[in-house]
2 protein chains.
Amino acid sequence: MHGAHRTDRYDTTRRLTARKTARNACAAMSKRPIRTTGKTTHAGAAPVAVALNAVILVVDEDAPKVLCARSADGAIGLPYGPFDPARHRTFETGLREWVERQTSVRLGFVEQLYTFGDKGREAPAALIEGGDASARVVSVGYLALAAEAAPVNAADAQWRSWYDFFPWEDWRRGAPQVLEAVIEPGFTAWFRRATDAATRAQREARVAAAFGMGDLPWEEERALDRYEAMYEAGLVAESWRDRTAAGLAPPGGDPDLPRATGLSMGSDHRRILATAIGRVRGKLKYRPIVFDLMPSRFTLLSLQRAVEAIVGFNLHKQNFRRHVEGAGLVEKTELTERQTSGRPAALFKAAAMPDKAAGGLSIPRVRTAVR
Amino acid sequence: MHGAHRTDRYDTTRRLTARKTARNACAAMSKRPIRTTGKTTHAGAAPVAVALNAVILVVDEDAPKVLCARSADGAIGLPYGPFDPARHRTFETGLREWVERQTSVRLGFVEQLYTFGDKGREAPAALIEGGDASARVVSVGYLALAAEAAPVNAADAQWRSWYDFFPWEDWRRGAPQVLEAVIEPGFTAWFRRATDAATRAQREARVAAAFGMGDLPWEEERALDRYEAMYEAGLVAESWRDRTAAGLAPPGGDPDLPRATGLSMGSDHRRILATAIGRVRGKLKYRPIVFDLMPSRFTLLSLQRAVEAIVGFNLHKQNFRRHVEGAGLVEKTELTERQTSGRPAALFKAAAMPDKAAGGLSIPRVRTAVR
DNA sequence: CTATATATGCTCGCATAGAGCATAATTCGC
DNA sequence: GCGAATTATGCTCTATGCGAGCATATATAG
């Protein structure tokens with residue numbers, strides 16, 4: 001594992017910081033033998049910079065959209081801002097600040113996604129400017145939901161459907177063509193490139209689980225698993241770009257395939273977006289977060305369309321109402337909406353306290369006292 | 001202040017190479033008009049130090065245990081080590097390194113939990129030593145599962161049942177006494193302390209949802225929600241400690257109550273542990289992670305006991321087998337175990353590819369083509 | 001008035017989870 | 001060696017939930 005010497009200590013506690021820069025704090029942290037196992041000394045790890053990455057989502061008609069920005073090198077990416085510990089008490093404060101200052105988007109639900117710290121993830125930009133290999137920018141990814149696709153005042157910012165980046169995730173109009181036409185052949189080739197039978201079987205099992213092949217079901221919330229499998233199989237542009245930048249051999253397979261698998265993003269932003277998609281899709285099932293994406297009044301059909309946009313497949317209309325109304329998540333108003341044609345739909349609003357829970361288990365719990 | 005946490009699965013990959021110091025990277029990041037929305041220039045945020053916090057879990061008989069360490073000031077806490085970007089390519093690499101070096105624990109499943117960056121979470125120590133409020137240590141919390149409670153060589157490290165810290169989470173022997181005796185009265189007092197009716201209703205709704213009161217179900221995975229509600233209601237020692245340290249008024253209520261609500265931990269470690277408990281409990285339902293906590297061969301009853309230890313309530317034996325066997329998660333071996341009394345149980349092992357999915361939805365999806 | 005389109009109410013059947021009975025295979029006390 | 005105690009394991013019963021679809025209500029377009 002990594003030369004150098006061993007250092008850390010393993011101790012509990014509160015950060016002993018105080019009147020020191022973070023660098024000093026870190027050094028102190030490792031020098032002090034705070035009990036536990038610690039007996040090693042550590043010269044002091046280099047500090048890192050923290051950036052806040054935001055996946056800001058809205059649902060516009062039947063398109064789930066994400067706020068995108070264009071970076072200096074022309075790549076599309078997610079907007080982000082620096083986190084300044086001196087000015088922000090929490091990550092979320094920092095995030096809301098720069099988002100609301102630089103865009104007119106009003107954020108509703110905000111939740112931390114994941115913290116990305118892999119060396120090299122910020123590669124392209126870093127390489128261009130050259131520098132110290134020990135540097136590290138840690139990105140804390142956040143998911144934020146907004147009710148309206150407010151026009152963004154920034155020049156190169158824009159709302160895009162997330163299916164521009166993940167065309168295989170949209171099953172609303174049947175099985176995505178790109179799956180059969182491009183992705184499956186690509187994976188098949190990847191299986192064949194395996195050096196041994198075990199690796200090959202492993203790859204097949206992984207893809208089958210992620211993409212719901214065989215008798216396995218398509219699980220919409222596994223968007224990240226799918227993207228990562230495609231990345232490793234060389235089916236997305238980022239895979240080729242990163243391996244080239246790192247001086248490694250290309251991933252193999254047809255270099256033209258990635259052109260058909262959706263728009264790529266700079267850095268690892270498409271991965272972050274995949275994480276966000278998976279999270280929203282999963283969370284939708286056990287928390288009423290859809291309403292953060294809806295206007296104050298809506299019809300059940302528009303609500304259904306929003307859910308469909310997110311999960312990527314169609315729902316059964318009557319059953320959808322049955323669930324939503326039965327769960328007490330919405331309240332009917334006196335108003336109705338009259339649009340082009342058909343019977344006017346009742347307008348609903350989110351229930352005052354939609355904090356109930358659904359969430360299906362597969363654990364046979366005991367209700368009675370006896371076991 | 002203490003926002004909602006919760007993250008998800010993950011797995012990192014990807015490498016490249018970065019250049020320049022973190023401080024420079026950060027400055028460059030903010031100065032450079034990376035398009036997007038950025039037009040603000042930022043003087044260059046102070047860098048922060050990153051610590052890796054580990055919640056290392058095992059199941060010992062019917063106790064879910066967590067590896068604890070004792071800090072200099074005597075508080076119990078989670079073990080942690082610094083993250084050195086110069087030596088570690090990824091967070092997980094760094095984590096595994098110091099864990100495996102300083103303990104003899106062999107980690108199985110590892111997953112990022114949440115990144116904690118709130119100012120003041122390290123409050124006590126920082127205040128004691130006095131100092132710069134701008135210094136910041138960001139903690140990346142990790143969940144790690146191990147199959148065996150290996151003896152730890154560190155002096156002050158020990159395995160403890162997580163129910164020592166969360167006695168109200170264990171329903172295996174009926175409703176936890178502490179709930180009725182201490183927690184409910186404590187919350188009732190908290191409701192009464194609300195200054196207005198709206199606040200009061202909000203508090204009641206929140207507690208009802210978290211603790212499953214009224215007709216709401218107890219959701220075992222909401223451990224964090226419960227802890228946070230108790231923290232705000234002044235029902236845990238950390239609440240009093242933190243508010244005192246910050247020079248704020250005490251949370252109110254009976255200062256003796258926290259003595260009855262389980263062991264406290266230093267810093268915000270009990271919160272991190274609550275996050276971990278919620279995560280394991282939730283993940284258990286849709287991924288076969290239990291097997292990372294089991295020996296290679298086990299009986300179905302021991303597997304059931306492990307699950308019960310985690311979720312905190314008892315399961316129906318026959319139905320448990322039906323599910324586990326039916327889902328193809330385990331394979332029967334030829335061996336049987338003979339213990340004290342009763343019919344010998346067949347020994348099972350985890351299925352070769354337990355990658356299927358369970359996961360109950362509450363979304364009425366369409367199977368046929370028609371909507 | 002007719003065709004069409006959407007909203008909304010209601011029922012049917014199957015799969016599944018919760019619950020519990022019955023039987024099998026051991027050890028233990030005597 | 002025998003009955004009691006204990007644990008394992010197979011099987012059935014039933015309520016519920018969900019996928020599915022029929023039927024009816026209420027609007028617009030022409």
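Reminder, nothing fancy here: chain letters follow the sequence lines and each chain counts from 1. Only heavy atoms go into these numbers, but all of them, side chains included; no hydrogens, no water, no symmetry mates.
With sequence neighbours left out, the salt bridge (charged side-chain N to carboxylate O under 4.0 Å, His left out) criterion links A:Asp164 to A:Arg160.
Remark: C1' of D:dA8 and CZ of B:Arg343 are 5 Å apart, rounded to the nearest angstrom. When the C1' atom of C:dC21 is taken as reference, atom NZ of B:Lys317 falls 15 Å away, rounded to whole Å. Distance, A:Asn319 CG to C:dT8 C1': 13 Å, rounded to whole Å. Rounding to whole angstrom units, CG of residue A:Leu347 and C1' of C:dA7 are separated by 13 Å. Here the P atom of nucleotide D:dG19 and the CG atom of A:Asn314 are 14 Å apart, to the nearest Å. Distance A:Gln318 CD to D:dT24 P: 15 Å, rounded to the nearest Å. Computed from coordinates, the A:Leu301 CG to C:dT8 P distance equals 9 Å when rounded to whole Å. Between the P atom of C:dA19 and the CG atom of B:Leu315 lies a distance of 11 Å, rounded to the nearest Å.
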Intermediate values then yes/no, ring pair (Phe, Tyr, Trp, His ring centres under 6.0 Å), A:Phe211 and A:Phe187: CA-CA 11 Å; A:Phe211 286 82; A:Phe187 276 128; 5.2 Å; yes
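Picking from D:dG10, D:dT9, C:dA19 the nucleotide with the shortest atom distance to the side chain of B:Ala346 gives D:dT9. The side chain of A:Arg322 has C:dT11 as its nearest neighbour among C:dA7, C:dT11, D:dT9. Among C:dT8, C:dG20, D:dT7, the nucleotide with an atom closest to any side-chain atom of A:Ala345 is C:dT8.
Using a 4.0 Å cut-off, no side-chain N or O of B:His316 falls inside it from OP1 or OP2 of C:dA17.
A salt bridge is defined here as a Lys NZ or Arg NE, NH1 or NH2 lying under 4.0 Å from an Asp or Glu carboxylate O, and B:Glu221 with B:Lys283 fails to meet this definition.
Each of B:Glu220, B:Glu219, B:Glu169 was scored for a salt bridge (Lys or Arg N to Asp or Glu O under 4.0 Å) with B:Arg226, with one residue passing: B:Glu169.
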